[in-house]
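See below for the structure under consideration.
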Number of protein chains: 2
Amino acid sequence: MTTPGLKKTPDISIAVCGYSKTLEIISNKWTVLVIYALEDGAIRYGEMGRRIDGISKKMLTQTLRQLERDGLVQRHLTPAIPPIVSYSLTPLGETLLKPLRELNDWTKVHYTQVETARQEYDQTYSASTENH
Amino acid sequence: MTTPGLKKTPDISIAVCGYSKTLEIISNKWTVLVIYALEDGAIRYGEMGRRIDGISKKMLTQTLRQLERDGLVQRHLTPAIPPIVSYSLTPLGETLLKPLRELNDWTKVHYTQVETARQEYDQTYSASTENH
DNA sequence: CAGAATCCCCCCTGATACTG
DNA sequence: CAGTATCAGGGGGGATTCTG
């Protein structure tokens with residue numbers, strides 16, 4: 001959608017838009033679930049795996065690493081055999097809880113409307129496609 | 001990460017967690033940018049394409065269709081040749097602006113800390129990998 | 001226990017070309 | 001102008017295996 005020749009500067013870019021910057025952090029499949037699992041305090045690796053339905057070790061580790069890299073989660077290692085590793089939100093990570101809860105609240109109130117809208121939409125447009 | 005035999009019910013699942021439900025709506029690459037483009041009122045299809053940096057017609061249409069299906073965006077067609085089509089947020093869509101702004105505010109305040117954390121993290125772990 | 005490493009597949013996305 | 005159709009590439013994510 002570039003306009004060669006005439007150049008109207010687009011004013012909404014992923015790089016600039018704050019919405020996108022944060023989504024770049026939390027829009028992975030498991031990230032918010034991991035943050036959610038940490039909201040009540042430190043928790044061990046294995047316990048997180050059990051709490052989050054359907055997550056694999058690979059994705060749990062990968063998600064935690066990313067959150068660590070972003071400074072939102074801290075890793076605590078107690079050297080022992082076998083080792084004891086727990087994770088917790090950093091102070092920065094905790095500041096993210098508030099906007100996430102707003103999103104959660106929005107969902108509680110409005111999500112049924114979204115589901116209803118989807119059903120209506122699908123019914124409306126299945127009619128035109130139903131016989132192939 | 002299933003525990004066959006012993007079954008502790010996991011308490012955090014994508015299906016149940018409100019965080020994930022909403023992200024299911026907004027976590028696409030372009031969705032929030034499209035919503036952002038609509039926050040000041042109705043706007044035509046072509047104008048949106050010009051405003052949102054880097055989006056293709058295909059992704060713009062696809063994103064708008066999804067938002068329409070979710071009941072967050074309305075399409076207005078003025079029959080003419082060539083046709084005039086504009087889009088706007090529905091009342092439901094407008095309710096989403098508030099939590100999104102919270103996210104935007106979080107970004108304004110804290111994103112530099114995330115960037116700093118990333119640089120530190122990368123420096124720390126590049127040291128151990130730098131000579132292959 | 002807490003990972004790392006590997007293989008593989010699906011789907012999101014981009015580029016291009018065509019249409020009413 | 002406002003789309004649709006088709007093809008091709010890359011990366012996120014899953015399943016499995018191995019390790020200190």
Side-chain angles (χ1 to χ4, degrees), chain A residues 1-4 6 8 13-14 20 23-34 37-38 42-69 73-88 125 128-129 132, chain B residues 1-4 6 8 13-14 20 23-34 37 42-68 73-88 125 128-129 132:
Chain A
M1 215 115 194
T2 41
T3 314
L6 172 65
K8 266 194 187 173
S13 72
I14 292 181
S20 283
L23 283 173
E24 169 197 326
I25 298 177
I26 61 168
S27 74
N28 308 314
K29 181 172 181 180
W30 301 106
T31 302
V32 288
L33 296 180
V34 168
L38 293 173
I43 184 178
R44 292 185 62 175
Y45 178 87
E47 181 60 19
M48 293 190 68
R50 262 166 268 129
R51 287 258 281 265
I52 303 173
D53 190 26
I55 197 170
S56 66
K57 286 183 184 178
K58 177 188 167 184
M59 291 317 296
L60 179 56
T61 301
Q62 187 173 305
T63 305
L64 285 166
R65 289 286 169 278
Q66 260 187 74
L67 286 168
E68 242 190 296
R69 178 168 181 266
V73 159
Q74 264 172 320
R75 199 178 98 114
H76 311 277
L77 167 63
T78 304
I81 295 175
I84 299 171
V85 180
S86 68
Y87 293 86
S88 65
Y125 292 98
S128 49
T129 335
H132 194 287
Chain B
M1 215 119 194
T2 42
T3 314
L6 171 66
K8 266 193 188 175
S13 73
I14 292 180
S20 284
L23 284 172
E24 169 198 327
I25 299 175
I26 62 169
S27 75
N28 308 314
K29 183 171 181 182
W30 301 106
T31 302
V32 288
L33 297 180
V34 168
I43 183 178
R44 293 186 62 176
Y45 177 88
E47 180 60 20
M48 293 191 68
R50 262 166 267 129
R51 287 258 282 267
I52 303 174
D53 190 25
I55 197 168
S56 66
K57 285 184 189 178
K58 175 187 165 183
M59 292 318 297
L60 179 55
T61 301
Q62 188 172 306
T63 305
L64 285 167
R65 289 289 170 276
Q66 262 185 77
L67 286 168
E68 241 190 297
V73 159
Q74 264 173 320
R75 198 177 99 113
H76 310 277
L77 167 64
T78 304
I81 297 175
I84 300 171
V85 179
S86 67
Y87 292 87
S88 64
Y125 293 97
S128 48
T129 337
H132 199 292

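The chains referred to below are lettered A, B, ... by the order of the sequence lines, with proteins before strands, and numbering in each begins at 1.
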Establish, with yes or no, whether the OP1 or OP2 oxygen of dG3(D) is under 4.0 angstrom from a side-chain nitrogen or oxygen of R75(B). yes

With a cut-off of 6.0 Å (strictly less than), are more than 12 heavy atoms of other residues, nucleotides or ligands near CD1 of I81(A)? no

Within the 4.0 Å heavy-atom criterion, would you say K58(B) contacts the bases, only the backbone, or no part of the nucleic acid? base

I would like to know whether Y87(B) and V34(B) meet side chain to side chain contact (heavy atoms under 4.5 Å, CB included); could you show each step before the answer? CA-CA 10 Å; Y87(B) 292 87; V34(B) 168; over 6 Å; no

Measure across [X] and [Y] and return the closest heavy-atom pair with its distance rounded to 0.1 Å.
X: I25(A); Y: T31(A); answer: O-CG2, 3.7 Å
X: H76(B); Y: S88(B); answer: NE2-OG, 2.9 Å
X: P83(A); Y: L77(A); answer: CB-CD1, 4.2 Å

Length of the line joining [X]:[atom1] and [N]:[atom2], which is rounded to integer Å:
X: L23(B); N: dG12(D); atom1: CG; atom2: P; result: 17 Å
X: L77(B); N: dA2(D); atom1: CG; atom2: C1'; result: 10 Å
X: R50(B); N: dA2(D); atom1: CZ; atom2: C1'; result: 11 Å
X: I81(A); N: dT19(D); atom1: CD1; atom2: C1'; result: 13 Å
X: Y45(B); N: dC1(D); atom1: OH; atom2: P; result: 11 Å
X: E47(B); N: dG3(D); atom1: CD; atom2: P; result: 15 Å
X: I52(A); N: dG14(D); atom1: CD1; atom2: P; result: 12 Å
X: N28(B); N: dG11(D); atom1: CG; atom2: P; result: 19 Å

M48(A) and side-chain contact (heavy atoms from CB on, under 4.5 Å): which partner among L38(A), L33(A), I55(A)? L38(A)

Closer to the 5' end of DNA chain D via nearest nucleotide, is it V85(B) or M59(A)? V85(B)

So, taking the atom named CZ in R44(B) and the one named CZ in R50(B), what distance separates them when rounded to the nearest 0.5 Å? 8.5 Å

Min and max contacting nt of DNA chain C in 5' to 3' order, chain B heavy atoms within under 4.0 angstrom, are dT13(C) to dG20(C)

Earlier contact from the 5' end, DNA chain C, for T61(A) and P82(A): P82(A)

